[in-house]
Novice: 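Following this message is one structure expressed as structure tokens.
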Number of protein chains: 2
Amino acid sequence: MDRPTLISDKWRAGYAAERLAEFTARCRARGLAITPQRVAVMRVLVNSGDHPRAEAVFAKVRREYPNISLATVHRTLETLCAIGEARKVTPLHDSARYDGNTAPHHHVVCVRCRKIRDIEMPEFSDLLHGRQTLGGFQLLGCSVEVHALCRECRSAAAKEA
Amino acid sequence: MDRPTLISDKWRAGYAAERLAEFTARCRARGLAITPQRVAVMRVLVNSGDHPRAEAVFAKVRREYPNISLATVHRTLETLCAIGEARKVTPLHDSARYDGNTAPHHHVVCVRCRKIRDIEMPEFSDLLHGRQTLGGFQLLGCSVEVHALCRECRSAAAKEA
DNA sequence: TAGCGGATGATAATAATTATCATCCACGAT
DNA sequence: ATCGTGGATGATAATTATTATCATCCGCTA
Ligand SMILES: [Mn+2]
Ligand SMILES: [Mn+2]
Ligand SMILES: [Zn+2]
Ligand SMILES: [Zn+2]
């Protein structure tokens, strides 16, 4: 079996059922109320293999709860991320960041202050090297974000605690 | 020398000078007018090692051209990306995308329709394995985006041409 | 079942980016 | 060097995504 490989929809279906089964228990453990809206957002999200945006989740949940607010969907998605039940595919940036360095390279990003530094890591691109396609996708390149805490933020975080 | 490694400011300085030297020539070759604003935005960007956002570039260019518009900075940055003189560090997403799959995995993203699919690629994380820090940064994890063209977009793109 | 506190819906506010458009000016042609 | 034109700019409005506010609601515990 050659890597990398696409994760199958079949795997996702079983995974979704498993995650949903204990979801209310994990909410309770966290002291979060089990509201029908929260459960619905979670169910829609975990059954989606397409990494939907808030608007798309809203559209689906709305079919079952026509009165749900878009704000609730936004809030709930952020809550799910905060408790580790979901993740953002586009984290660490709230507005576009530009780079004058067009040489191939990757980035370390501080998760706290969002400082970004260039890193040299040719091994990353090597992993895709030689491969033209992946499950129907024609490969063009890749970008890596290493998540980290910078020195300043480490001392700041230490002081807070 | 162990990889990955931070790219030094020293390297960046020389690189900036080199890039600026031929910038106007490359603009001319592309049929783009050489305006003082465009050159200033390019100069500020290529001399920045911190991946600034539009607002930050605006603030610096403004010192020299107090009348420059923020819109011009936005436009110019996008132009620079379009002609390959710069890149966005946060590309391929214009709004947040959420993921119910919390298992460690990475993503292929279609650069045209922005379809996102999960991929299995444990070798990526292995590259950082065992390493705790990198140039002052404490490492926490990493996310990889493989840029690609999906099947549908490939045929669509073929039709257009 | 009563009551508290978190959750929600409606809406306003904010922030980033893009669109519009009149004016301007870089540049090739004269 | 001057001119004419199309692209570039500045000012501003519009759009889009997200977050904040707040009155009401309802899940949860006692
Ligand atoms: Mn960079
Ligand atoms: Mn995913
Ligand atoms: Zn930091
Ligand atoms: Zn596509």
Side-chain angles (χ1 to χ4, degrees), chain A residues 23-45 51-59 61-83 85-98 114, chain B residues 23-45 51-59 61-83 85-98 114:
Chain A
F23 176 63
T24 57
R26 286 195 299 277
C27 280
R28 203 161 289 138
R30 290 253 182 189
L32 294 177
I34 316 297
T35 70
Q37 292 94 333
R38 184 169 283 159
V39 173
V41 168
M42 175 64 178
R43 181 166 33 75
V44 164
L45 178 63
H51 309 80
R53 51 199 80 201
E55 192 70 46
V57 174
F58 177 59
V61 174
R62 213 180 194 182
R63 295 184 204 151
E64 199 176 347
Y65 298 95
N67 292 323
I68 195 173
S69 165
L70 177 57
T72 297
V73 174
H74 273 289
R75 270 186 308 235
T76 304
L77 288 171
E78 287 303 309
T79 301
L80 293 178
C81 290
I83 66 176
E85 293 286 326
R87 61 186 274 208
K88 255 185 178 165
V89 179
T90 51
L92 303 185
H93 308 283
D94 30 35
S95 57
R97 305 282 292 262
Y98 295 88
R114 306 193 174 181
Chain B
F23 177 64
T24 57
R26 286 194 301 275
C27 279
R28 203 161 289 135
R30 290 254 183 190
L32 294 178
I34 315 296
T35 71
Q37 294 94 329
R38 183 170 283 162
V39 173
V41 167
M42 175 64 176
R43 182 166 33 73
V44 164
L45 178 63
H51 308 81
R53 51 200 79 202
E55 192 70 45
V57 174
F58 177 58
V61 175
R62 213 180 194 183
R63 294 183 204 153
E64 198 176 347
Y65 298 94
N67 292 324
I68 194 172
S69 165
L70 177 57
T72 297
V73 174
H74 273 289
R75 268 186 309 237
T76 305
L77 288 171
E78 287 304 309
T79 301
L80 292 178
C81 290
I83 66 176
E85 294 287 326
R87 62 187 273 209
K88 256 185 178 167
V89 179
T90 51
L92 302 185
H93 308 283
D94 32 32
S95 57
R97 305 282 291 261
Y98 294 89
R114 306 195 175 178

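We name chains A, B, ... by the order of the sequence lines, and we start the count at 1 in each one.
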Novice: Nearest-Å distance, CZ (B/R62) to P (D/dT9)?
Specialist: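 My rounded result for the distance is 16 Å.
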
Novice: To the nearest 0.5 Å, what is the distance between CD (A/E55) and CG (A/L70)?
Specialist: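 These two atoms lie 5.5 Å from each other.
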
Novice: How many whole angstroms separate atom CG of B/N67 from atom C1' of D/dG10?
Specialist: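 My rounded result for the distance is 9 Å.
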
Novice: If I take atom CD1 from residue B/I83 and atom CE from residue B/M42, how far apart are they, to the nearest 0.5 angstrom?
Specialist: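 Nearest 0.5 Å value for the CD1-CE distance: 7.5 Å.
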
Novice: CD1 of A/I34 versus P of C/dT8: gap in Å, rounded?
Specialist: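 Atom-to-atom, A/I34 to C/dT8, this comes out as 11 Å.
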
Novice: Select from B/Q37 and A/Q37 the residue whose nearest nucleotide in DNA chain C is closer to the 5' end of that strand.
Specialist: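 The residue whose closest nucleotide sits nearer the 5' end is A/Q37.
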
Novice: Under 4.0 Å from OP1 or OP2 of C/dT8: is there any side-chain N or O of A/T35 that close?
Specialist: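 So the side chain of A/T35 is within the cut-off, an N or O lying under 4.0 Å from OP1 or OP2 of C/dT8.
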
Novice: Check this for me: does the side-chain of A/R75 come within 3.5 Å of the base of C/dG9 through a donor and an acceptor?
Specialist: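 Indeed there is one.
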
Novice: On DNA chain D, compare the nucleotides closest to B/G31 and A/P36; which residue's is nearer the 5' end?
Specialist: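 Final value for this comparison: B/G31.
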
Novice: Could you give the distance from CG (B/L32) to CZ (B/F23), rounded to the nearest 0.5 Å?
Specialist: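 These two atoms lie 8.0 Å from each other.
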
Novice: Nearest 0.5 Å please: distance from the CZ atom of A/R97 over to the CG atom of B/L77.
Specialist: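 Separation between the atoms: 12.5 Å.
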
Novice: I need the full list of salt bridge (Lys or Arg N to Asp or Glu O under 4.0 Å) pairs touching residues 62-83 of chain A, with sequence neighbours left out, sorted by first then second residue.
Specialist: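 Every salt bridge (Lys or Arg N to Asp or Glu O under 4.0 Å) pair that includes a residue of residues 62-83 of chain A, provided the two are not neighbours, is A/R43-A/E64, A/E78-A/K88.
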
Novice: Kindly compute the distance separating OH (B/Y98) from CD (A/E85), expressed to the nearest 0.5 Å.
Specialist: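 Interatomic distance, B/Y98 OH to A/E85 CD, rounded to 0.5 Å: 15.0 Å.
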
Novice: For the pair made of CD1 in B/I68 and C1' in D/dT9, what is the distance, rounded to whole Å?
Specialist: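 The distance from CD1 of B/I68 to C1' of D/dT9 comes to 9 Å, rounded to the nearest Å.
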
Novice: Between B/R28 (CZ) and D/dG7 (C1'), how many Å, whole number?
Specialist: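 Taking CZ of B/R28 and C1' of D/dG7, I get 15 Å after rounding.
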
Novice: Within the sub-3.5 Å range, which N or O atoms of nucleotides 11-18 of chain C have a protein N or O partner, and how far apart are they?
Specialist:
| unit_1 | atom_1 | unit_2 | atom_2 | d |
| --- | --- | --- | --- | --- |
| C/dT17 | OP1 | A/A96 | N | 2.7 |

Novice: Taking atom P of C/dG5 as reference, at what distance in whole Å does atom CZ of A/R38 sit?
Specialist: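 So the two atoms are 17 Å apart, to the nearest Å.
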
